[in-house]
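Working notes, structure below.
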Amino acid sequence: MNLISTTILITVLLSAILATVSFWLPQMNPDQEKLSPYECGFDPLGSARLPFSLRFFLVAILFLLFDLEIALLLPLPWGDQLPDPQSTFFWAALLLILLTLGLIYEWAQGGLEWAE
């Protein structure tokens, strides 16, 4: 038996075994909350205009900001192959310093605290 047919056989057998086990293994004990069409924890018949936490919004914006920072720094390893890698590393360090100073400022102002 060659390598391709062995790999396909193992893949099919493993998939069949996992599908069978996942079908028979879980315990089905639905309660009233699970049987309701809304599992989010909110009352579906109540008001849709719930108060929105501004602190949650600020923390979410900070998360997006630092997620964007990671995306901007991803091509940094290829920067050492440029003719002038010092300028690439200078701008990357400047970006990191600016974001670190912003995080320190936000922390000092208490913007990262959940409870008052």
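Computed from a predicted structure; not experimentally measured.
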Indicate if [X] and [Y] have the same hydrophobic cluster label, given that clusters are the connected sets of ILVMFWY residues with side-chain heavy-atom separations under 4.5 angstrom.
{"X": "F90", "Y": "L82", "answer": "no"}
{"X": "L72", "Y": "L98", "answer": "no"}
{"X": "L73", "Y": "L68", "answer": "yes"}

Residues T88 and G79: closest non-hydrogen pair is CG2-CA, 4.0 Å
Nearest heavy-atom pair of L103 and F66: which atoms, and what distance?
CB-CZ, 3.8 Å
Distance from [X] atom [atom1] to [Y] atom [atom2], nearest 0.5 Å?
{"X": "T20", "Y": "L25", "atom1": "OG1", "atom2": "CG", "value": "11.5 Å"}
{"X": "L76", "Y": "W91", "atom1": "CG", "atom2": "CH2", "value": "14.5 Å"}
{"X": "L14", "Y": "L9", "atom1": "CG", "atom2": "CG", "value": "11.0 Å"}
{"X": "I8", "Y": "L13", "atom1": "CD1", "atom2": "CG", "value": "12.0 Å"}

With the side chain counted from C-beta on, respond yes when T100 and I104 share a heavy-atom pair under 4.5 Å apart, and no when they do not.
yes
Does atom CD1 (I4) have a neighbourhood of more than 12 heavy atoms from anything else shown, all under 6.0 Å?
no
